[in-house]
Amino acid sequence: MKASFLSLLALIACATNSFAAEKPNFVIIFCDDLGYGDLSSFGHPTIKTPNLDTMATEGQKWTNFYVAACVCTPSRAGLLTGRLPVRNGMCSDTRRVLFPDSSGGLPTTEITISSALKKSGYHTAAIGKWHLGHLPEFLPTKHGFDSYFGIPYSNDMDPIRRVNPIKAAEEENWEAYNLPLMRDEEIIERPVNQTTITRRYTEEAVKKIEGFGDEPFFIYLAHNLPHIPLFRGKDFKDTSTAGIYGDVVEELDWSVGEIRKALEKSGVSENTLVIFTSDNGPWLPFKQHGGSAGMLRDGKGSTWEGGMREPTIIAWPGIIQPGIVHDMGATLDLLPTFVSLAGGTLPDDRTYDGVDLSATLKGETDTSPRDEMFYYHGEQLFAVRKGQYKAHFKTKTSYSGQKKAEVHNPPLLYHLGSDPGEQWDIAKQHPDIVKELQDLSASHTKGVKPVPNNLNGVIGK
Ligand code: MG
């Protein structure tokens with residue numbers, strides 16, 4: 001009797017696991033301008049992030065995880081499509097991101113994570129910053145999301161008059177920005193009180209998790225913060241020793257805790273992959289309001305490591321092998337990974353720049369299938385990484401007033417294993433590696449076909 005009860009339990013466990021293998025849920029928590037060094041699990045000495053630290057212990061902490069671009073719009077286009085922004089016209093040397101007067105957006109010919117998962121029967125929700133086109137034809141609801149709740153672009157846009165974002169943050173002057181809050185395709189509030197926004201996005205995510213129940217779902221939660229101007233809720237005001245920036249990151253950490261608690265409460269925690277990362281590095285000119293890339297060089301807007309390597313944690317209790325992954329991964333890999341985990345296949349009518357990380361996540365292999373990374377600044381390839389070596393063909397310090405990129409011929413070469421801060425150029429000692437990376441860059445560039453630009457258009461022009 002006991003044996004048959006145990007076999008029944010085993011059968012149930014097996015059925016549950018096979019269900020988990022077939023249709024896991026996915027939650028992406030995507031911050032805005034969070035630096036590599038801004039979490040305590042990534043070495044910040046004063047900002048407290050206990051929920052993320054727990055998630056890092058229970059899941060995988062990725063120390064070489066990249067974004068598709070060093071600024072908001074192209075980074076998001078890369079994450080959602082699994083393709084470098086240069087392939088879908090979502091990057092530009094003229095206008096680096098979309099603005100409230102932009103007429104363009106992510107073309108609906110692109111397949112997003114959401115539209116791909118919808119085909120496999122998923123419920124989908126976008127919450128937070130979109131920044132892939134605020135006009136009706138480009139909204140999340142046109143890209144495979146069942147619902148949308150959020151601010152369609154950056155939280156420093158639509159200023160009512162010229163405002164100093166540091167002063168606005170210190171004075172909690174959220175009314176200085178005429179930002180819209182949208183529900184699906186309608187503006188429901190304007191200006192939105194940004195001191196409530198992290199909490200409201202969190203509550204929306206929790207409500208969605210509760211509502212989806214046992215049905216498979218994908219939630220894309222893209223926080224507007226810690227992008228400047230910094231706003232935090234009343235419960236987090238002046239609570240961090242790291243100042244306003246610390247308050248904001250600690251509220252984001254609270255949000256992660258609430259979402260993981262909701263997954264537990266709904267009984268879907270063991271069937272849900274949660275990834276936490278950010279769209280680009282810290283906005284350094286804003287000093288204490290701008291976060292830190294830790295020991296990595298430079299920040300947002302640059303193709304040095306600090307601009308494109310992000311603190312990344314992935315958890316899926318019972319499935320993901322806990323540990324630290326030092327190999328490379330990228331937000332570009334999420335679409336192929338999720339599609340594979342959901343039991344789907346990628347269409348073969350387009351080029352993907354992402355790879356399937358599922359074997360690394362499950363601990364079936366010690367290595368990641370990603371061995372290369374291409375660093376774009378607008379439409380131009382500035383740098384290439386293969387293994388531990390990175391060559392810079394061009395560099396431009398972010399937001400420094402440096403007008404033109406500096407061209408390096410021969411390129412600068414760094415060994416990111418022994419020199420993660422990119423301090424010591426070793427090109428002269430390794431001409432063979434320089435040549436290999438030059439060839440890699442040339443063959444990559446040859447494979448990128450020119451497409452219409454979707455960032456430069458302005459409404460009415
Ligand atoms: Mg950003």
Side-chain angles (χ1 to χ4, degrees), residues 28-39 42 65-81 84-85 90-92 95-100 102 105-106 126-134 140 150-159 165-166 169 177 179 194 197-198 201 220-231 244-245 248-249 251-252 255 275-287 289-294 296 298-312 330-332 334 375-378 396-399 455:
I28 296 177
I29 304 173
F30 202 42
C31 291
D32 195 358
D33 295 5
L34 183 79
Y36 185 83
D38 283 331
L39 307 181
F42 278 77
F65 200 91
Y66 290 96
V67 283
C70 50
V71 287
C72 299
T73 297
S75 174
R76 285 150 207 271
L79 178 147
L80 282 174
T81 64
L84 283 166
M90 290 303 286
C91 56
S92 163
R95 293 192 131 199
R96 296 193 64 197
V97 298
L98 291 167
F99 291 91
S102 292
L106 183 67
I127 302 166
K129 174 172 171 175
W130 179 239
H131 218 182
L132 291 172
H134 68 288
I151 297 170
Y153 34 73
S154 300
N155 68 329
D156 64 337
M157 293 180 175
D158 281 338
I166 293 179
Y177 301 86
L179 281 176
Q194 290 198 55
I197 205 65
T198 299
Y201 286 168
Y220 171 60
L221 167 55
H223 285 288
N224 277 92
L225 290 154
H227 189 289
I228 61 98
L230 301 172
F231 291 107
I244 297 182
Y245 189 86
V248 168
V249 176
E251 186 170 13
L252 292 167
S255 170
I275 173 166
F276 175 94
T277 189
S278 178
D279 70 331
N280 53 251
W283 209 349
L284 299 175
F286 289 96
K287 300 177 182 166
H289 281 232
S292 160
L296 304 181
D298 215 327
K300 172 177 177 171
S302 119
T303 47
W304 295 103
E305 288 295 291
M308 290 182 63
R309 203 195 293 193
E310 293 305 319
T312 302
T331 50
L332 292 162
L334 298 182
Y375 302 70
Y376 275 86
H377 188 284
K396 193 170 176 208
T397 305
S398 63
Y399 300 94
L455 249 62

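Just so you know, ligand 1 is whichever comes first in the structure, and atom 1 is the first atom listed for that ligand. Positions are given from 1 along the sequence.
Looking at Asp279, its N, O or S atom nearest to the Mg ion (ligand 1) turns out to be OD2. Taking the Mg ion (ligand 1) as reference, Asp32 places its N/O/S atom OD1 nearest. Nearest to the Mg ion (ligand 1), among the N, O or S atoms that Asp33 has, is OD1.
Rounded to 10°, the angle formed at the Mg ion (ligand 1) by SG of Cys72 and OD1 of Asn280 is 100°.
Side-chain contact of Gln194 with Asn155: a donor-acceptor pair under 3.5 Å is present, judged by distance alone.
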What do the steps show when you test Asp33 against Asn280 for side-chain contact (heavy atoms from CB on, under 4.5 Å), and what is the final call? CA-CA 5 Å; Asp33 295 5; Asn280 53 251; 2.7 Å; yes
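Take Ser398 and apply the side chain to side chain donor-acceptor pair (under 3.5 Å) test, not counting sequence neighbours, and it matches Asp298. In this structure, the side chain to side chain contact (heavy atoms under 4.5 Å, CB included) partners of Ala126, at least two apart in sequence or on a different chain, are Pro140, Phe145, Tyr148, Tyr220.
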